[in-house]
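Working notes, beginning with the structure itself.
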Amino acid sequence: MKIGYPCINHTLTCQGSRTFRLKSYSVQNLIEKVENNLDCLQQILKYNLKHNILFFRMTSDLVPFASHPINRFDWQGFFKKKFRTVGQFIKKHDMRISMHPDQFTLINSLNRIIFQRSLKELHYHAEILDSMELNTSAKIQIHVGGVYNDKTKSIKRFIKRYKNIHDKIKRRLVIENDDRSYCLRDCLLLHEQTRIPIVFDVFHHSVNNAGEDLDESFALFTKTWRRKDGIPMVDYSHQKRGGQKGQHATTLNKRVFRNFLCQTKPYDFDIMLEIKDKEKSALEAIKIASGDERFKEL
DNA sequence: TCACGTCAAGCAGAT
DNA sequence: ATCTGCTTGACGTGA
C-alpha cells in the first residue's frame with residue numbers, strides 16, 4: 001500500500017503545472033515552461049520521498065499543448081535526458097505514478113474528431129511515462145465518457161474503438177467509475193470485453209452505485225488488475241462537510257479514513273487522496289496507515 | 001502591483 | 001439559456 005496525492009504541492013514554493021496561453025505559444029516559451037515543470041516535479045518527488053509519500057499523480061500540463069496541432073516541437077528528444085533522470089529517481093525509490101487526462105478526453109464521443117483529439121492526448125500521456133522509462137504499473141486513468149442518451153450504445157462504441165487503440169496507450173490505460181454516468185457495474189461490463197483494469201473511486205461509488213457495498217466492490221474491482229498492472233489503485237475522498245453533495249472534502253476526516261482502512265483489511269491497494277489540501281492530507285493518512293501491515297515503509 | 005476577464009478541449013446536472 | 005464541476009486556477013493585459 002502506497003499513499004499519494006494529485007498534481008500539486010502546496011507546501012513547496014515551486015509553481016508546478018505552469019502553462020501559458022495558446023496566443024503566447026513559441027518554442028522558446030515551451031522549452032522554458034517544460035524545464036520549469038520538470039524541475040518542479042523533481043522537487044515534489046524529493047519532498048514526497050522525504051515524507052514517505054510513494055504514490056503521485058503527475059499533472060497533464062507537464063508539456064503545454066503537447067497534443068495540440070500547434071506543437072511541432074520534438075520535446076521528447078529535447079528533454080530526453082531530463083525525463084530519464086526523473087524516471088530513474090522514481091524507479092530507484094520504488095514510487096508509483098499515475099496520470100489523469102482531463103474531461104476532454106473521450107474515447108466514446110459521438111464526434112470522431114473529439115475521439116481523434118483524445119487519442120492524441122492519450123498518446124502524449126503515454127509518451128511522458130515512456131520517456132521516463134516507467135513500467136506498465138504507471139497508469140493513465142480516464143472516465144468511460146459521455147452517455148449521449150444511450151448508455152448501451154455508448155459502451156459498445158467505447159469497446160469497438162478501444163480494440164483498435166495503439167498498444168502504447170492500451171498497456172497503461174485504466175478506467176475509473178464516475179459520480180454520475182458510469183458506475184462500477186458499468187466499468188465491470190466494459191472490463192469483461194476489454195480487460196481494462198478499473199480504478200475504484202470510493203467517493204464516486206458512494207454517490208453512484210448499483211447497491212454493492214465496500215467489501216463486494218473491492219472483491220470485484222481488485223480482480224481486474226493483473227500482475228503487470230501493479231497493485232490495484234483507489235481514488236479516495238469523501239463528502240465535504242456542509243458542502244454540496246458530490247463536493248470533495250477540503251481536509252481528511254481521520255475517523256472516516258481509519259474506518260475505511262479497517263473495512264478494506266483483506267485487500268492491498270494504492271491510495272490516491274483526492275482531498276483539496278493535497279500533501280497535508282497525505283501526511284495525515286500516512287500517519288494513520290503506518291500501523292497497518294499493508295503500508296509500505298521506506 | 002493588483003484586479004479581473006479570460007483561457008484548447010466536453011459533458012451532465014442544477015439553476 | 002446559463003452556470004458549475006471535473007484532478008489542479010493561473011495567465012497576462014491594462015490600469
Side-chain angles (χ1 to χ4, degrees), chain A residues 4-26 29-30 32-33 36-37 40-41 44 55-71 97-125 139-151 154 157-158 174-183 186 199 201-204 207-208 233-240 243-250 271-282:
Chain A
Y5 61 96
C7 305
I8 53 175
N9 180 303
H10 291 310
T11 307
L12 297 172
T13 48
C14 83
Q15 290 257 28
S17 73
R18 281 184 74 84
T19 184
F20 50 87
R21 295 293 154 80
L22 190 53
K23 266 203 281 189
S24 40
Y25 188 94
S26 70
N29 205 352
L30 181 76
E32 219 171 87
K33 292 301 192 294
N36 174 288
N37 291 346
C40 183
L41 174 64
I44 293 177
F55 189 19
F56 186 64
R57 181 183 295 163
M58 296 195 305
T59 174
S60 296
D61 292 333
L62 270 185
V63 184
F65 302 107
S67 72
H68 192 279
I70 199 171
N71 178 36
I97 295 294
S98 71
M99 295 186 85
H100 194 335
D102 64 31
Q103 63 271 29
F104 307 106
T105 304
L106 295 158
I107 287 186
N108 76 351
S109 175
L110 286 172
N111 182 343
R112 274 206 93 82
I113 293 170
I114 293 173
F115 168 56
Q116 294 298 346
R117 269 208 292 265
S118 300
L119 280 185
K120 277 196 173 174
E121 183 70 1
L122 289 169
H123 190 260
Y124 151 65
H125 282 77
K139 293 301 187 194
I140 301 168
Q141 71 182 85
I142 57 169
H143 296 290
V144 178
V147 173
Y148 312 102
N149 296 315
D150 191 333
K151 195 183 262 191
S154 296
R157 198 163 47 249
F158 185 105
V174 294
I175 50 171
E176 175 195 347
N177 59 305
D178 67 73
D179 56 349
R180 37 172 159 259
S181 305
Y182 295 93
C183 65
D186 299 321
V199 177
D201 189 306
V202 179
F203 186 35
H204 289 166
V207 291
N208 181 23
M233 288 181 179
V234 167
D235 281 355
Y236 179 89
S237 182
H238 48 70
Q239 178 64 41
K240 177 177 179 173
Q244 272 195 332
K245 198 186 159 196
Q247 271 198 314
H248 286 242
T250 40
I271 307 175
M272 181 57 60
L273 288 169
E274 294 184 336
I275 312 270
K276 298 281 183 209
D277 65 2
K278 307 287 175 187
E279 77 281 0
K280 225 173 123 197
S281 279

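So that the names make sense, note that chain A is the first sequence line, chain B the second, and so on, each numbered from 1.
The shortest side-chain heavy-atom distance between Phe20(A) and Leu30(A) falls under the 4.5 Å cut-off. You'll find the side chain of Thr11(A) stays beyond 4.5 Å of the side chain of Lys280(A), heavy atoms only. Asn71(A) places a side-chain heavy atom less than 4.5 Å from the side chain of Tyr25(A).
No contact: Asp178(A) has no heavy atom under 4.0 Å from any strand. Among the heavy atoms of the strands lying under 4.0 Å from Pro101(A) is at least one base atom, whether or not backbone atoms are also near.
Stacking between Phe104(A) and dA9(B) is shown: the ring centroid lies under 5.5 Å from the centre of the six-membered base ring, and the planes differ by under 30°.
Every residue two or more places apart in sequence or in another chain was checked for a side chain to side chain donor-acceptor pair (under 3.5 Å) with Lys278(A), and none qualifies. Applying the salt bridge (charged side-chain N to carboxylate O under 4.0 Å, His left out) rule to Lys151(A) yields the partners Asp186(A); only residues at least two apart in sequence or on another chain are considered. For Glu176(A), the side chain to side chain contact (heavy atoms under 4.5 Å, CB included) partners at least two apart in sequence or on another chain are His100(A), Gln141(A), His143(A), Val199(A), Asp201(A), His204(A), Asp235(A).
dC6(C) atom P lies 9 Å from atom CZ of Phe203(A), rounded to whole Å. One can place NE2 of His100(A) at 11 Å from C1' of dT8(C), the figure rounded to the nearest angstrom.
At the phosphate of dG5(C), neither OP1 nor OP2 sits under 4.0 Å from any side-chain N or O atom of His204(A). OP1 and OP2 of dG10(B) both lie 4.0 Å or more from every side-chain N or O belonging to His143(A).
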Within the sub-3.5 Å range, which N or O atoms of nucleotides 12-15 of chain C have a protein N or O partner, and how far apart are they?
| unit_1 | atom_1 | unit_2 | atom_2 | d |
| --- | --- | --- | --- | --- |
| dG12(C) | OP1 | Arg21(A) | N | 3.1 |
| dG12(C) | OP1 | Ser24(A) | OG | 2.4 |

Considering only nitrogen or oxygen atoms on both sides, find all protein atoms under 3.5 Å from nucleotides 11-13 of chain B and state each distance.
| unit_1 | atom_1 | unit_2 | atom_2 | d |
| --- | --- | --- | --- | --- |
| dC11(B) | OP1 | Tyr148(A) | OH | 3.0 |
| dA12(B) | OP1 | Val147(A) | N | 2.6 |
| dA12(B) | OP1 | Tyr148(A) | N | 3.1 |

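Atoms OG1 and CD1, from Thr105(A) and Ile114(A) in turn, are 11.0 Å apart once rounded to the nearest 0.5 Å.
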5'-to-3' dot-bracket of DNA chain B (Watson-Crick, G-U; under 3.5 angstrom; crossing pairs as [ ]; | other strand): |||||||..||||||

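Distance noted for atom C1' between dG9(C) and dA12(B): 22 Å (whole Å).
Side-chain N or O atoms of Ser237(A) include one that pairs as donor or acceptor with a backbone N or O of Glu274(A) at under 3.5 Å.
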